[in-house]
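Right, one structure below, let's go through it.
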Amino acid sequence: MLTNRRSSRICCLDLDTFFVSVERLFDPSLVGKPVVVGASPGKRGVVTSASYEARRLGVHSGMSMADAQRLAPNAFYVPTRHGTYGRYASKVKAILERYCPEVRTASVDEFILDFRGCEGLYRRPEDTSPDATIERVVREMRQAVQDEILLPSSAGIGTSRTIAKIASGRAKPAGVLMVPSGSERDFLAPLSVRKFPGIGPVAEANLNQAGIQTLDQLMTLPPGPTRQRFKGLMRQVDGICTEQRVADLAPERPAFSEHDRKGGVVGSISNERTFHADVGNLNKLEAQLLALVERVCWRARNRGVLARTFTLKLRFSNFETLSRSKTIAPTNSDLPVMRCLRGLLLQNLAPGRAVRLLGVAFSKLTLEGQQLSLPYDRGGRGDVSMAVDAVRDRFGYEAIRRGAAGGRSRWEKRSPHDGGSEATEPDQAANARKV
DNA sequence: TCTGGGGTCCTAGGACCC
DNA sequence: TCTGGGGTCCTAGGACCC
């Protein structure tokens, strides 16, 4: 029996090669050519977005720029344009909201729309069914995005967010695909297990090793140890086909208005940086740490949150990565956070080891002003910090910089393994603002 | 010139308390 | 004092997503 709750009314609209498409708006000569958006050539980094022409040459997102250039030396390489893509995503969302009362942003290039209850609103005499009405509206909406902002996108429609998401991928490029209620199993069966959200490279390898390539093979495993091993996954896939609810809508993101049961704030805030060249000099690492701490503290203050747990992330030259965290009194002030993380840095930096990546993360967040009886460290947020924040609020983070963060550290304390000779210029291009 | 950066979620062991 | 268990917090790591 088909109830309205089980109808195909959830839509996922996904912008096709989004970053590449935006770059083509800025430079129309790139249309029809292989385009790769990512780190600046010559810098450490990976491909963020590759046009279909570049994909035909073997380039895909996540690949190192070095590999991409080897495969496609004649492609057009464009550095990532921070901030710009978000503005285009907002324009897209505004269009979608004309067509659907419930639009959620799932990521910078992906939106989830809930059309439940809208069939009557849009129905036309020529529509052969409520499903046909919704599919027609989604096609019109997709075309509006194309015509008004010149951005291609694809849309999938299904009974749940997961089906809609997979369908949008099958609809690319520039298509619309509806998966009618009841046909989920037939739709999923022939697909590679990797197409299912949540199955990544590791799970895929495990499944393949067990002889499972397709979702059909997964869903029809005969009783036995293999079935036992993957029963959690089977339940997940099966649930998508049979569950009588449509509960997996995207949470609105950012989710900082959401509180957990204990009044905390859901989520974390982090920044990390891969250096252009590995850094072994402790003073320089401390200066970089300070720069990261200042930035994340600033972001926390902007969101009005305090953090209790502070995590330091280190990645060494050989790509070995470790994280060390410490929980202290809630704060968002540079000084106590720096004290905490500097301690972790000194404890975990073996002499002679060069650092490739340094990262800082804040978690166990609470709203500022809510820490009733908890000790709350206000140290370091004096008039100077307030003034610095005020400038940054008006002109952006990069408008002002504490002396120590850019050069020599005020927190310095020479150590035995100090005095390395590596180049330590931070990878400025990663955060360069282009207009 | 191998391997980004922002996140979320899950697991698992140990400490500690009752 | 021969060995129990919950529950919760903290920490570390890893899979996954875009």
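Just so it is clear: chains get the letters A, B, ... in the order the sequence lines come, proteins before strands, and each one is counted from 1.
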Report yes if at least one side-chain N or O of A:Arg194 is closer than 4.0 Å to OP1 or OP2 of C:dC17; otherwise report no. yes

Nucleotide C:dC18, atom P - distance to NZ of A:Lys165 in whole Å: 4 Å

Out of C:dC10, B:dT3, B:dG5, which has the shortest distance to the side chain of A:Ser64? B:dT3

Can you sort out which residues in residues 319-327 of chain A have a heavy atom within less than 4.0 Å of DNA chain C? Ascending by number, please. A:Leu322, A:Ser323, A:Arg324, A:Ser325, A:Lys326, A:Thr327

Below 4.0 angstrom, N of the basic side chain to O of the carboxylate: do A:Asp14 and A:Lys172 qualify? yes

How many Å lie between CZ on A:Phe362 and C1' on B:dT8, as a whole number? 19 Å

Over 60° means perpendicular and under 30° means parallel, so tell me whether A:Phe26 and A:Tyr88 are parallel, tilted or perpendicular. perpendicular

Give one of base, sugar-phosphate or nothing for A:Val202, where a contact means two heavy atoms less than 4.0 Å apart. sugar-phosphate

Assign each of A:Ala39 and A:Ser270 the nucleotide of DNA chain B bearing its closest heavy atom; nearer the 5' end lies the nucleotide of A:Ala39

Compare side-chain N and O positions of A:Ser268 against OP1 and OP2 of B:dT8 and report whether any pair is under 4.0 Å apart. yes

Establish, with yes or no, whether the OP1 or OP2 oxygen of B:dT3 is under 4.0 angstrom from a side-chain nitrogen or oxygen of A:Arg356. yes

So A:Ala203, base contact, sugar-phosphate only, or nothing? Heavy-atom distance under 4.0 Å. sugar-phosphate

Across the strands shown, which category fits A:Arg315 at heavy-atom distances under 4.0 angstrom: base, sugar-phosphate, nothing? sugar-phosphate

Please state the P separation for the pair C:dC17 and B:dT3 - nearest whole angstrom. 23 Å

B:dG6, OP1 or OP2 - any side-chain N/O from A:Asn271 closer than 4.0 Å? yes

Give a yes/no on whether any side-chain N or O of A:Thr274 is located under 4.0 angstrom from OP1 or OP2 of B:dT3. no

Any side-chain heavy-atom pair of A:Thr162 and A:Lys165 under 4.5 Å: no

Mark yes or no: A:Arg392 above the aromatic ring of A:Tyr397, with NZ or CZ under 6.0 Å from the six-membered ring centre and no more than 45 degrees from the axis. yes

Could you state the CE-C1' distance from A:Met63 to C:dC18, rounded to the nearest angstrom? 17 Å

Using whole Å, what does the distance between atom C1' of nucleotide C:dG13 and atom CG of A:Leu314 come to? 14 Å

